[in-house]
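Read through the structure below, which is laid out as structure tokens, and then see the notes.
Along the sequence shown, residues are numbered consecutively beginning with 1. Numbering of ligands and ligand atoms starts at 1, following listing order.
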Amino acid sequence: MRTIENIFEAISAHLLPSACIVCGEFQKRNLCLNCSSLLKSEQLFNFECCQQCGITLTAKEIGEQRCFECETHPPYFDETYCLDRYEGILQSALHQLKYQGRLAYAHGLASAWNQLMTESLTSRQATYLLPVPLSQEKLCARGFNQAWELARRIRFRRSIHKNPYILLRHHHKQHQAHQNRENRYKAIQDMFYINPQYREHLESATVIVFDDVMTSGATLNEIARVLKDNGVSRVINWVLLRTLRPIHQ
Ligand SMILES: [Zn+2]
Ligand SMILES: [Zn+2]
């Protein structure tokens, strides 16, 4: 199935012109060569980032390779890799996907990831890649989970099982954007759970959690807590776009 999809994508990429997701120019690729090299020069791999939470480090923090926040309040996840900063050239493409429902942008964003991240992340051994689940409210409004739409198009050098049915979300109403940081942490507690069917598969496993955006890291931290409570030994975050410093409200 995957092979057929790959073949179809390869053929359509050659036959159909497509617009670059960043500059909109029509050509063969969904991320044109100019935008691809611009992204390559701006991507977060070029900067000193905290190994644990992916935030760019200040000069004082570089020696430890960890930010002050992770040193003083270590999160449950172990590593974080982000393609680009939130304010970078991919933000508007991500908004087209999330808020305009334009699924074609998932292909372009995932291909940006595949071009720039697949090589660098080859040494990461993991059993599963799990997308962050969306609330029922947002899923109904949007019609798809953008984290899964991106994750399913990501390619690996080694075999990692992508599965959107392991990590699940309770569906109580919440309006995260309007809450302060402390209340957001409280609202997130117990929001996620593991499908009992998969519990034994997670024992001592390394798991990658995929999300489109990481801001304070509270959601990913709670997910890592739940995963580790269920026997996972190592949690790695893969994130498309990262805000550079947590938002303190
Ligand atoms: Zn372009
Ligand atoms: Zn950190």
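For the pair V213/K98, a side-chain contact is recorded, criterion being any heavy-atom separation below 4.5 Å from C-beta on.
Qualifying side chain to side chain donor-acceptor pair (under 3.5 Å) partners for H95, counting only residues two or more places apart in sequence or in other chains: Y86.
Distances shorter than 2.8 Å separate the Zn ion (ligand 1) from the protein N/O/S atoms C20 SG, C23 SG, C32 SG, C35 SG.
How far CD1 of I21 is from CG of L109: 4.0 Å, rounded to the nearest 0.5 Å.
The backbone N or O of A151 lies less than 3.5 Å from a partner atom in the side chain of K162, making a donor-acceptor pair. In this structure, R199 contributes its side chain and N195 its backbone to no donor-acceptor pair below 3.5 Å.
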In residues 30-37, what donor-acceptor pairs under 3.5 Å come from side-chain atoms, sequence neighbours left out?
from	atom 1	to	atom 2	distance (Å)
N30	OD1	S111	OG	2.9
S36	OG	Q115	OE1	2.8
S37	OG	L33	O	3.4
S37	OG	N34	O	3.1

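Ring to ring, F210 and W113 are close: their centroids are under 6.0 angstrom apart.
Panel detail: the Zn ion (ligand 2) has protein N, O or S atoms under 2.8 Å away, 4 in number.
Between D212 and R242, no side-chain nitrogen of the basic residue sits less than 4.0 Å from a carboxylate oxygen of the acidic one, so the salt-bridge criterion is not met.
Of all non-hydrogen atoms in A224 and V235, the two that sit nearest each other are CB-CG1, 3.9 Å.
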